[in-house]
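Order of the sequence lines fixes the chain letters, A, B, ..., with proteins taken first and strands second; residue numbering starts at 1 for each chain.
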Amino acid sequence: MPTRINAADFNLAATLECGQAFRWSRGADGWYTGIVGEVWWLRQTGDILEWDCSREPARGREGTATGPRAGSRLQHYLSLDHDLSAIVATFPDEPHLRAAVQKHWGLRVLRQEPWETLASFIASSTKQIVQIRQIVANLARRFGENDAFPAVETIARASLPELQACKLGFRAKYLHAAARRIDRGEIRLAELPAMEYGRALEELLKLDGVGDKIANCTLLFSCGHDEAFPVDVWMKRALKRLPAGTTFGPYAGWAQQYLFYHERTATELN
DNA sequence: CTCCAGGTGGCGC
DNA sequence: GCGCCACATGGA
């Protein structure tokens, strides 16, 4: 029986489809399926968010168990603990950004698992989103337990040809080297969320194949560093529509994601 | 066939 | 510091 949560100022479809996560798929019945440690099912109808997962212990009956404890992991993952209106109020007052926010109102920046996020974005360079999804799915199917994203040590122990078979191309060596360094404890992903942003960025940039863009994606989409501001080809286009030198404030990453998704949906490319 | 994709590192200048 | 370019792979 799914847990039901009242989720105001939330847009599940935009949040899961805006390009920050690569493992969610929408079924014909409106349920989204993904893996967050275990399998999750999510569906939104108006302000009602339904959540089910494969491992959660039984919760009373008739789906009435909507206490804070039952959904705390969900609230954290979806950043439902943020006040969206307050975040948007910190954005620069600019027509193009306003339009993006209005169009996709309720989009929230996720807090995903850092290793999966870093690995996914290492795989992302000069790839289309549909291809990135395929690569991540290949990695999970080939190396993961129960189709979960493979652990750091699993990738660290994998051979380069095995990784190549997942269609990583020239990125395979970067992913492998990153896994090995993280597995050895040279880079501690678990410490990134509590680090100051600039320091966390520096830490990720130590990894070969991780530049400014991939590092910022990791910090924004998995570490709660809301000021992280990834700039890719789509963002370069979007930024041309704004006055030069526009600054975005402490939630720059959220503004970035609205602009990014607006840019992509406006040109209706996939 | 050519061009491009949620980039990055190495090179020459 | 800048501007090119290679890097694998598949879709348009």
task: Taking only heavy atoms on the protein side, list every residue of residues 198-209 of chain A lying under 4.0 Å from any atom of DNA chain B, sorted numerically.
output: Leu207(A), Asp208(A), Gly209(A)

message: Ring centroids only, cut at 6.0 angstrom: are His104(A) and Tyr258(A) within range, meaning strictly under it?
response: no

Close aromatic pair by centroid cut-off 6.0 Å: Tyr251(A) and Phe91(A): no

Taking [atom1] from [X] and [atom2] from [N], how many angstroms apart are they, rounded to a whole number?
X	N	atom1	atom2	value
Phe229(A)	dG6(B)	CZ	C1'	13 Å
Met235(A)	dG7(B)	CE	P	13 Å
Asn216(A)	dG7(B)	CG	C1'	13 Å
Gln256(A)	dG6(B)	CD	P	13 Å
Leu219(A)	dG6(B)	CG	P	21 Å
Tyr174(A)	dG7(B)	OH	P	14 Å
Ile132(A)	dG7(B)	CD1	P	7 Å
Ile129(A)	dA12(C)	CD1	P	14 Å

Mind listing the N/O atom pairs, protein and nucleotides 6-10 of chain C, below 3.5 Å?
unit_1: dA8(C); atom_1: O4'; unit_2: Phe170(A); atom_2: N; d: 3.2
unit_1: dA8(C); atom_1: N3; unit_2: Arg171(A); atom_2: NH2; d: 3.3
unit_1: dT9(C); atom_1: O2; unit_2: Lys127(A); atom_2: NZ; d: 2.8
unit_1: dG10(C); atom_1: O3'; unit_2: Gln131(A); atom_2: NE2; d: 3.4

Distance, P atom - from dG3(C) to dG6(B), rounded to whole angstrom: 23 Å

- prompt: In whole Å, what separates the P atom of dG10(C) from that of dT8(B)?
  reply: 22 Å

query: Ser120(A) and Val136(A): which non-hydrogen atoms are nearest, and at how many Å?
result: OG-CG2, 3.6 Å

Are side-chain N/O atoms of [X] and [Y] paired as donor and acceptor at under 3.5 Å?
X	Y	value
Gln75(A)	Ser72(A)	no
Asn11(A)	Trp105(A)	no
Lys103(A)	Thr265(A)	yes

Within-4.5 Å side-chain heavy-atom neighbours: Leu74(A) and Leu42(A): yes

query: Would you call Asp226(A) and His82(A) a side-chain contact if the rule is heavy atoms closer than 4.5 Å?
result: yes

task: With sequence neighbours left out, write down each residue that passes side chain to side chain donor-acceptor pair (under 3.5 Å) with Asn6(A), or none if nothing qualifies.
output: none

Could you tell me whether [X] contacts a base, only the sugar-phosphate backbone, or nothing, with contacts defined as non-hydrogen atoms closer than 4.0 Å?
X	result
Phe221(A)	base
Gly211(A)	sugar-phosphate
Val210(A)	sugar-phosphate

message: Tell me whether Arg199(A) contacts the main-chain N or O of Leu192(A) through its side chain, where contact means a donor paired with an acceptor under 3.5 Å.
response: no

- request: Could you name each residue pair satisfying ring pair (Phe, Tyr, Trp, His ring centres under 6.0 Å) that touches residues 121-146 of chain A, not counting sequence neighbours?
  value: Phe22(A)-Phe121(A), Phe121(A)-Phe221(A)

- line: Residues pairing under ring pair (Phe, Tyr, Trp, His ring centres under 6.0 Å) where one sits in residues 26-50 of chain A, two or more places apart or in two chains, turn out to be Trp40(A)-Trp51(A), Trp40(A)-Tyr77(A)

- request: Please confirm whether any donor atom in the side chain of Gln134(A) sits under 3.5 Å from an acceptor in the base of dG11(C), or the reverse.
  value: no

query: So does Gln257(A) reach the base of dG6(B) with its side chain, donor to acceptor, closer than 3.5 Å?
result: yes

Atom pairs, protein N/O to nucleotides 11-13 of chain B N/O, distance under 3.5 Å:
none

Stacking check Phe260(A) vs dG6(B) (5.5 Å / 30 deg): yes

task: Considering just the side-chain nitrogens and oxygens of Arg237(A), establish if one lies under 4.0 Å of OP1 or OP2 belonging to dA5(B).
output: yes

